[in-house]
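What follows is a single structure, written as structure tokens, with notes after it.
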Amino acid sequence: MPQAPFGYKVRTYDIITFGDELPGILSLICAAREYYRRTNKYPRSLLMFKGDSRKGIGGHLVRGGLSYLDRSSIPLEIRRTYNLQSFGEAPAIYEEFLQRVGVVQVALDPLKASKVLREMLQEIRADILSNIEIESVSKQRNQIVGINLTKKETYLAKQFIDSTVNAELAQAAGVKKLKGFETFGLPDSELSVTLVFQTQGLSIQRLKNIEKLYLERFTNLNDTDAQNWLNQAAGNNPEIANRLRKSLVDRNGKLKTMYVGKDYIDIRCKALSIAYHSFRGTPLILEKSGAILDNGNVAILSGGRLSWNAFLYDVNADQAEALARGKAKPTPEMLAEMDYVIKWFKEIGADAVTTADELYIRHAGNVTGVIDPLTGAEMLAGGIKKEEALGTFGYHFDIRGGIKGLEKRAEQKRIENLLHLQKPLFNIGIQHAIIKDIPNLAVISPASGFEGYACSAGRIVEFNCGVGQGIGIAAAMALQSNINIGNYSNREVRNILTQTGKIAKIYGQNYTAQAQELGNFEHGIAA
């Protein structure tokens with residue numbers, strides 16, 4: 001196949017990142033900086049994505065407004081042993097980004113993030129191209145050589161990075177992607193999607209007072225009105241109502257009030273959710289209602305703004321893929337449902353409620369054919385070997401909204417469903433992100449080569465930024481040597497991080513028994 005179709009305008013680069021999610025952008029920056037360190041000149045870099053750059057650069061963190069960052073979770077005894085801060089040691093490039101944006105702990109202001117990312121891209125002299133659609137991909141032998149756009153333009157490069165949630169460039173290049181949770185034998189099941197919204201004028205104190213009032217009323221069996229509301233949210237199912245009631249108090253019988261941190265709020269119970277669903281007249285059950293107000297992760301931003309990651313929409317695998325291809329734009333039905341949320345929050349004290357431009361799509365399947373796939377069991381076993389590791393990341397297997405059909409499939413296969421999984425703390429590498437048969441292509445996203453439970457912890461941005469830092473270094477070495485990203489091992493990338501003083505402490509933990517148990521489950525459920 002020729003490098004470009006006849007009559008197409010051609011531009012040539014060294015490296016192209018497709019998709020403007022943070023791990024992809026930071027990977028491009030790492031590649032350019034490492035190449036500059038080696039050659040004293042920047043490579044020709046292009047960031048290309050489907051969204052509208054006028055609405056900001058930075059994917060679901062910026063246009064999707066996801067301000068509450070999920071940070072690495074490390075047990076206290078490990079932090080003490082290795083002398084670590086609250087979130088351990090983040091990848092150097094991610095730490096730099098957070099500092100430049102001014103993140104105190106977890107709250108990321110989308111406007112500041114977009115500004116900083118533009119600055120970082122300008123520093124490496126990268127070009128930016130948005131509002132594009134792929135028509136086809138040109139390949140020679142087993143490598144991508146160019147991306148052909150619907151507007152009759154071709155962009156050639158030597159190395160390619162795909163950071164889209166649905167691995168869209170990889171799919172266009174012929175890489176097979178499994179739908180939904182096909183690695184569990186559930187191709188139609190998918191994680192819920194979220195439309196993040198910001199409230200203004202709803203003070204934290206007022207929010208605390210409202211939640212406390214609801215908590216007191218919902219736990220008071222003599223409050224007839226409140227019990228009617230709770231029963232409505234439970235879909236008039238006494239068992240669910242009882243479960244909801246019990247979930248409002250902790251083991252000591254104390255009300256589960258919200259926790260307010262320096263720049264975030266963790267909503268620890270469903271009191272606000274119950275109140276909203278009684279207002280909405282729908283059950284607090286995702287499958288039945290199609291959309292629910294879940295426990296909120298709330299980022300505290302300047303000017304009295306609170307950013308809510310809380311409203312879930314039920315989608316199947318085909319819908320998640322279609323939403324990703326449609327620039328993550330919410331459907332009219334989703335926006336109509338959000339109108340109720342806006343109305344309710346205004347009723348409890350918000351002056352204004354605004355929604356993000358794009359959806360936060362958590363997951364949309366996984367590519368196959370990577371050099372070394374990564375399973376949940378391998379994460380629980382501590383990830384890759386210490387001497388090859390590029391960093392360490394800890395996070396629970398977060399399947400927000402649940403995986404539809406997993407319990408039923410486990411029953412059918414007579415496998416005991418694992419309800420209480422250990423939180424993995426695992427060492428990071430890059431081999432699960434590199435396509436074996438297209439060795440100049442890496443997929444750094446929730447769609448990387450994850451299997452089983454791995455995609456639930458592996459979809460988190462901080463982890464993928466660590467992978468992206470490594471892929472960037474491999475891309476720089478590949479450019480200089482005129483070979484492919486796939487030629488480089490974890491150990492070779494680690495050597496560069498060590499030489500440049502950017503290697504993080506390594507503290508992955510091997511939870512052997514739990515890893516074995518999860519391995520048996522993942523293998524059995526997929527068979």
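Owing to the predicted nature of the structure, the values given are computational and were not obtained by experimental measurement.
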Partners passing ring pair (Phe, Tyr, Trp, His ring centres under 6.0 Å) against [X] (at least two apart in sequence or in another chain):
X	value
Phe160	none
Phe345	Phe197, Trp308
Phe397	Tyr453

Reported [atom1]-to-[atom2] distance for the pair [X] and [Y], which is rounded to 0.5 angstrom:
X	Y	atom1	atom2	value
Ile132	Ile147	CD1	CD1	7.0 Å
Ile292	Leu312	CD1	CG	5.0 Å
Thr164	Phe18	OG1	CZ	6.5 Å
Leu22	His60	CG	NE2	8.5 Å
Ser189	Phe184	OG	CZ	10.5 Å
Leu195	Tyr360	CG	OH	13.5 Å

Measure from the side-chain N and O atoms of [X] to the backbone N and O of [Y], and report whether any donor-acceptor pair falls under 3.5 Å.
X	Y	answer
Ser45	Ile15	no
Asn366	Gly449	no
Asn484	Asn487	no
Asp263	Ala107	yes
Gln469	Ile93	yes
Tyr68	Asn309	no
Glu522	Ala377	yes
Ser130	Asp52	no
Asn440	Ile144	yes
Lys158	Ala478	no

Give the minimum heavy-atom separation between [X] and [Y], together with the two atoms involved.
X	Y	result
Arg71	Tyr395	O-CD1, 3.7 Å
Ile161	Ser27	CD1-OG, 3.2 Å
Pro439	Ile434	O-CG2, 4.4 Å
Arg79	Ser86	CD-O, 3.5 Å
Val196	Gly65	CG1-O, 3.2 Å
Arg37	Thr500	NE-CG2, 3.4 Å

Report the residues that fulfil side-chain contact (heavy atoms from CB on, under 4.5 Å) with [X], sequence neighbours left out, ordered by chain and then residue number.
X	answer
Ala324	Val165, Asn166, Ile361
Pro75	Glu77, Ile78, Leu425, Tyr511
Ala170	Asp162, Ala167, Val175, Val367, Leu441, Val443
Asp188	Lys179

Just jot down the salt bridge (Lys or Arg N to Asp or Glu O under 4.0 Å) partners of [X], sequence neighbours excluded, or say none.
X	answer
Asp372	none
Glu21	none
Arg63	Asp20, Glu358
Lys50	Glu133, Glu168

For [X], I'd like to know if atom [atom1] has over 12 heavy atoms of other residues, nucleotides or ligands within 6.0 Å.
X	atom1	result
Gln499	CD	yes
Lys115	NZ	no
Lys505	NZ	yes
Arg125	CZ	no
Lys502	NZ	no

Next on the checklist: As a quick check of understanding, evaluate side chain to side chain contact (heavy atoms under 4.5 Å, CB included) for Leu323 and Thr331, giving each step before the final call.
Outcome noted: CA-CA 8 Å; Leu323 288 167; Thr331 64; 4.0 Å; yes

Checklist entry - Passes side chain to side chain donor-acceptor pair (under 3.5 Å), Gln509 versus Gln422? Steps please. => result CA-CA 11 Å; Gln509 300 296 303; Gln422 167 81 38; over 6 Å; no

Please list, one pair per line, the donor and acceptor atoms closer than 3.5 Å that link side chains of residues 383-394 to other protein atoms, with sequence neighbours excluded.
from, atom 1, to, atom 2, distance (Å)
Thr392, OG1, Asn427, OD1, 2.9
Thr392, OG1, Tyr507, N, 3.0

Item to check | Full working for side chain to side chain contact (heavy atoms under 4.5 Å, CB included) between Val341 and Met338 | outcome: CA-CA 5 Å; Val341 177; Met338 181 52 71; 3.6 Å; yes

Item to check | Between Tyr35 and Asp14: side-chain donor-acceptor atoms closer than 3.5 Å | outcome: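 Result is no, nothing qualifies.
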
Item to check | No-hydrogen, no-angle side-chain donor-acceptor test under 3.5 Å, Thr194 and Arg362 | outcome: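 Yes, Arg362 and Thr194 have a side-chain donor paired with an acceptor closer than 3.5 Å.
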
Checklist entry - Is there a side chain to side chain contact (heavy atoms under 4.5 Å, CB included) between Ile204 and Leu306 once you walk through the steps? => result CA-CA 9 Å; Ile204 295 167; Leu306 298 177; 4.2 Å; yes

Next on the checklist: Please evaluate residues Ile16 and Leu169 with respect to the criterion side chain to side chain contact (heavy atoms under 4.5 Å, CB included), reporting the C-alpha separation (whole Å), side-chain torsions for both, the decisive distance (0.1 Å), and the verdict.
Outcome noted: CA-CA 11 Å; Ile16 292 175; Leu169 173 61; 5.9 Å; no

Checklist entry - What about Phe463 and His432, are their ring centers closer than 6.0 Å? => result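 Yes: the rings meet the under 6.0 Å criterion.
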
Checklist entry - Hey, are the side chains of Tyr94 and Val461 touching, using non-hydrogen atoms and a 4.5 Å cut-off? => result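 Side chain of Tyr94 against side chain of Val461, heavy atoms only: contact under 4.5 Å found.
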
